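It should be emphasised that the depicted structure is a prediction, and the values quoted were computed from it without experimental measurement. Note that ligands are numbered from 1 as they come in the structure, with each ligand's atoms numbered from 1 the same way.
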Amino acid sequence: VEAGSEDTSVIDILRKTRDRSPLSRAEIEYLVSGYVTGQISDAQAAAWLMAVTLNGLSITETAHLTEAMLRCGPTIDLSSFRPRKVDKHSTGGVGYKTSLIIAPIAAAGGLIVPMISGHSLGHTIGTLDKLEAIAGFRTDLTMHEICATLTKTGCVIVGANREMAPADRKFYALRDHTATVESVSLICASIMSKKLAEGIDGLVLEVTTGRGALMRSEAEALQLAEFMVHVGRAMSVHTVALIIDADQPLGNFVGTGLEVMEAIWTLSGEGPQDVTQLCVELAGWMFVAGGIVDSIGAGCEFAQHLLESRKALAKFRELVIAQGGDVRMIDDPGRLPSAAGRLDVLSVTDGYVTSIASERVGQAARILLTDRACTGEPMTDPTTGIALCKKVGDRVTAGEKLYTIHWNSDGNLSNAKRVLSDCYEIADRPPPARPSLIRSRIV
Ligand code: URA
């Protein structure tokens with residue numbers, strides 16, 4: 001290619017997306033590989049991302065983008081494993097500890113679960129931060145260690161290592177600085193390029209909507225789910241999506257160690273109803289996607305049995321041991337480290353809880369988790385968070401506890417209190433009956 005001609009083709013590509021003309025597969029591949037290899041500049045890539053955010057890409061262009069991003073990096077070679085490799089992905093919400101519960105249920109039921117998760121993002125706390133509250137738990141395994149753990153336990157929960165998903169790493173950093181995160185096509189390609197790099201046969205997507213979610217409106221969540229399902233199926237992966245109401249936090253705890261504790265209770269069959277219901281259905285669909293059962297009814301029954309028989313809990317113990325964590329904390333969650341202070345926040349009126357500002361609960365939990373005290377380095381506090389005593393629809397009397405803040409530093413506590421003030425809405429009448437937690441399904 002002659003000097004200058006590459007630039008002309010990039011500008012043509014930018015112009016097309018700007019003018020809403022579709023791009024071909026070759027043009028998308030050219031753009032992605034050019035950016036990853038440094039031939040296309042940050043300025044050009046940022047201009048294209050903004051054009052995509054404003055104008056969108058078609059579902060076909062989004063599938064080409066995902067595939068191009070996937071092809072830029074290595075995939076995990078799981079060809080030596082049995083064919084039932086299934087993962088699930090959540091677009092995140094406040095109090096969403098489902099990954100910690102579902103991975104062991106699925107592995108206890110015979111699936112191979114190579115789960116690549118993330119650290120905290122925005123107002124949501126990452127699965128990896130939660131697991132790292134277990135002393136010694138390692139989330140930075142090498143490719144060799146990932147395969148060894150899968151062989152031993154059937155599941156692994158790790159972060160993407162340096163080599164994985166180079167295209168997403170580069171694009172994501174740029175999106176974060178250019179107000180181009182909120183695009184259905186870009187989110188779809190980002191998530192699906194990483195998930196498909198796991199070499200899976202099946203994928204269950206938990207697409208959240210509401211105040212605690214990335215996609216606030218149900219229509220946007222549905223569109224994202226449709227795009228991801230299309231892309232997964234186009235790559236021959238059995239893909240299912242559930243649209244989940246994340247308008248209020250899931251379960252009763254938001255934090256790192258606090259959520260691990262709630263996950264252990266759920267794995268022991270003693271979790272809150274919303275967490276248990278969601279995990280049973282998500283795991284049920286994983287069994288369907290992996291071909292272990294042929295109906296969701298049978299999948300849910302199987303998942304419920306694995307919880308009640310404590311086989312899923314035994315699998316979680318195995319996972320913790322395999323990844324270097326202190327299993328005594330699983331056997332006795334009271335051993336999980338606890339925060340120095342607790343502050344109860346009480347209701348000032350009688351009435352019914354009509355809403356909880358989930359995103360503010362998430363922000364406050366993130367503030368409480370920031371721990372710079374010991375080393376000066378930012379790190380995630382394994383002990384702090386928020387315990388919710390009342391949920392939407394609950395009756396409350398004046399002086400009754402709404403929530404408890406678990407805190408370690410005065411500065412963080414006062415910032416968290418400020419963010420949380422009035423996050424509970426209380427009215428004289430009960431709120432209208434809530435639509436079910438699982439709003440819809442694409443199966
Ligand atoms: N999570 C991702 O991995 N990518 C996005 O773009 C948004 C959420």
Side-chain angles (χ1 to χ4, degrees), residues 28 32 35-36 45-46 48-54 56-57 59 61-63 65-70 72-73 75-76 87-94 96 98-99 114-130 139 157-198 200 203-217 220-232 237 239 241-244 246 358-359 362 366:
I28 291 176
V32 171
Y35 184 51
V36 171
W48 185 71
L49 292 172
M50 185 56 84
V52 172
T53 304
L54 294 172
L57 291 178
I59 208 162
E61 290 171 289
T62 305
L65 176 63
T66 311
E67 219 176 316
M69 287 171 66
L70 171 67
C72 272
T75 48
I76 307 183
D87 195 7
K88 80 110 208 180
H89 180 83
S90 170
T91 55
V94 176
Y96 274 70
T98 49
S99 297
M115 190 178 278
I116 298 184
S117 282
H119 281 103
S120 301
L121 185 74
H123 62 266
T124 59
I125 302 170
T127 298
L128 300 183
D129 290 304
K130 295 173 195 177
T139 58
I157 307 180
V158 288
N161 61 34
R162 286 247 130 245
E163 312 102 78
M164 285 176 196
D168 182 59
R169 191 183 295 274
K170 221 172 152 184
F171 274 119
Y172 198 88
L174 193 57
R175 287 168 62 206
D176 217 16
H177 286 105
T178 53
T180 52
V181 171
E182 297 90 347
S183 147
V184 164
S185 290
L186 298 178
I187 295 173
C188 169
S190 165
I191 292 174
M192 294 302 285
S193 65
K194 286 178 288 197
K195 284 287 136 181
L196 298 172
E198 293 172 350
I200 43 181
L203 178 61
V204 176
L205 298 162
E206 184 185 13
V207 184
T208 47
T209 172
R211 301 179 76 153
L214 193 63
M215 299 280 113
R216 290 286 176 108
S217 82
E220 279 175 324
L222 199 55
Q223 195 197 9
L224 177 60
E226 278 165 0
F227 271 50
M228 293 200 289
V229 168
H230 173 88
V231 167
V237 172
T239 312
L242 307 189
I243 314 294
I244 315 286
S358 243
E359 73 287 18
R366 290 287 315 267

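For the pair T75/L70, a side-chain contact is recorded, criterion being any heavy-atom separation below 4.5 Å from C-beta on. Side chains of V158 and I116 form a contact here, defined as non-hydrogen atoms less than 4.5 Å apart.
Ranking protein heavy atoms by distance to atom 1 (N) of ligand 1, first place goes to I191 CG1, 3.9 Å. Annotation: atom 3 (O) of ligand 1 to nearest protein heavy atom, K194 NZ, 2.5 Å.
Below 4.0 Å from some heavy atom of S190 lie the following atoms of ligand 1, by number and element: 2 (C), 3 (O), 4 (N), 5 (C), 6 (O). Close contacts between ligand 1 and Y172 involve ligand atoms 4 (N), 5 (C), 6 (O) [criterion: under 4.0 Å to a heavy atom].
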For this session: Show your reasoning for whether side-chain hydrogen bond (donor to acceptor under 3.5 Å, both in side chains) applies to K88 and T98.
Result: CA-CA 10 Å; K88 80 110 208 180; T98 49; 2.9 Å; yes
Exercise. When you look at S183 and T53, which way does the side-chain hydrogen bond (donor to acceptor under 3.5 Å, both in side chains) test go after all the steps?
Worked result: CA-CA 5 Å; S183 147; T53 304; 4.6 Å; no
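Going from atom CE of M192 over to atom CE of M69 covers 12.0 Å, rounded to the nearest 0.5 Å.
Some N or O of R175 is nearer than 3.5 Å to an N or O of ligand 1, by distance alone.
Distances shorter than 4.0 angstrom occur between a heavy atom of I187 and an atom of ligand 1.
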